[in-house]
Amino acid sequence: MRIANLIVLTAALTLQDFPDTVWAAEPQSDGNVLEQCGAYSQAGMRECLAKKSDESNAALKQAEDEAIAALSKWDEDERFIKLAKEKLRASSKAYEQYRNAQCAFASSLGGGAAGNAPAIRHLTCLKTLDDARAKQLKIDASALLPK
């Protein structure tokens, strides 16, 4: 089985348990990111995916900052704003733990694959999950009515 097929299969298995609301703003599909990076050798593909994963993580951090800013402007009692900010911080920590564990699992599904295959699976997973989380945070923040 080709490496790209294995990665797509892993990502599909990784993401099947996400709630439907995460996909309201559909993330870039794994196939698309693999197509973008697939023109390179395995090492080049790994570097491309690492860059895309870093970009996705930066977008997630920005979405978290924007969610905090939206909460600060939310037309709600201060105690609920404070509670929501605390819950967002806790959610972000829990998400990071989940993402790391899930992507380690996705990487392990490569079995004894040699070369960059496990890293490619891991990076694809990181990018996909971070994209979905960032989009969900943006959806949630956009639903808050400002003062």
Side-chain angles (χ1 to χ4, degrees), residues 1-74 81-146:
M1 187 181 288
R2 293 184 44 211
I3 184 105
N5 291 341
L6 286 172
I7 293 169
V8 171
L9 176 62
T10 299
L13 292 172
T14 300
L15 297 173
Q16 70 184 8
D17 292 331
F18 259 118
D20 291 338
T21 55
V22 170
W23 306 116
E26 196 172 307
Q28 182 179 20
S29 73
D30 291 343
N32 193 9
V33 72
L34 290 175
E35 286 175 20
Q36 292 174 10
C37 296
Y40 302 104
S41 66
Q42 247 196 26
M45 186 178 195
R46 182 187 176 287
E47 288 176 28
C48 177
L49 287 168
K51 180 181 176 192
K52 298 234 181 254
S53 177
D54 289 345
E55 291 168 356
S56 182
N57 190 259
L60 173 57
K61 297 300 180 199
Q62 182 179 353
E64 289 172 346
D65 292 345
E66 290 171 3
I68 292 287
L71 286 168
S72 296
K73 298 175 187 173
W74 188 22
I81 292 171
K82 182 180 178 186
L83 178 64
K85 286 180 180 179
E86 289 172 6
K87 297 294 183 182
L88 175 58
R89 283 187 207 79
S91 173
S92 293
K93 286 180 184 178
Y95 163 75
E96 189 174 330
Q97 290 175 338
Y98 163 77
R99 181 197 62 203
N100 291 341
Q102 183 63 29
C103 292
F105 167 66
S107 179
S108 76
L109 293 177
N116 290 300
I120 288 171
R121 296 172 75 88
H122 186 80
L123 291 166
T124 302
C125 176
L126 291 174
K127 183 194 179 327
T128 304
L129 292 180
D130 282 354
D131 281 351
R133 170 84 174 159
K135 289 184 189 295
Q136 185 62 54
L137 288 174
K138 288 181 182 194
I139 290 167
D140 292 342
S142 69
L144 299 174
L145 297 175

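Note that the coordinates shown come from a computational prediction; the quantities given were computed from them, not determined experimentally.
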Closest contact, heavy atoms only, Leu145 versus Trp74:
O-CD1, 3.4 Å
Assess, by modelled atom type and distance only, whether the side chains of Lys52 and Thr124 contain a donor and an acceptor separated by less than 3.5 Å.
no
Identify the two heavy atoms, one from Ala117 and one from Gln42, that lie closest to each other, and give their separation to 0.1 Å.
N-OE1, 4.0 Å
Closest non-hydrogen atom pair between Leu88 and Glu64, with its separation:
CD2-O, 4.1 Å
Carefully, step by step, assess Asn57 and Lys61 under the rule side chain to side chain contact (heavy atoms under 4.5 Å, CB included).
CA-CA 6 Å; Asn57 190 259; Lys61 297 300 180 199; 3.9 Å; yes
Is any side-chain heavy atom of Met45 closer than 4.5 Å to a side-chain heavy atom of Ile120?
yes
Here the gap from His122 atom NE2 to Asn100 atom CG, rounded to the nearest 0.5 Å, amounts to 6.5 Å
Looking at OG of Ser92 and CD1 of Ile68, how far apart are the two atoms once the value is rounded to the nearest 0.5 Å?
7.5 Å
For the atom pair OH (Tyr98) and CG (Leu129), what is the distance rounded to the nearest 0.5 Å?
5.5 Å
For Ala119, give me all partners under side chain to side chain contact (heavy atoms under 4.5 Å, CB included), at least two apart in sequence or on another chain.
Arg46
Heavy atoms only: give me the nearest Ala59-Ala134 pair and the separation to one decimal.
O-CB, 4.2 Å
Test side chain to side chain contact (heavy atoms under 4.5 Å, CB included) applied to Glu47 - qualifying residues, sequence neighbours left out
none
Side chain of Ser142, backbone of Lys138: donor and acceptor closer than 3.5 Å?
yes
If we only count heavy atoms from C-beta on, is the Leu126 to Leu49 side-chain gap below 4.5 Å?
no
Would a 4.5 Å heavy-atom cut-off, applied to side chains only, mark Lys93 and Glu96 as touching?
no
Please enumerate all residues that pass side chain to side chain contact (heavy atoms under 4.5 Å, CB included) together with Glu86, with sequence neighbours excluded.
Lys82, Leu83, Arg89
Apply salt bridge (Lys or Arg N to Asp or Glu O under 4.0 Å) to the pair Asp131 and Lys135, showing each step before the final yes or no.
CA-CA 6 Å; Asp131 281 351; Lys135 289 184 189 295; over 6 Å; no
I'd like to know if the side chain of Ser53 reaches the main chain of Ala50, judged simply by a donor and an acceptor atom lying under 3.5 Å from each other, with no hydrogens or angles considered.
no
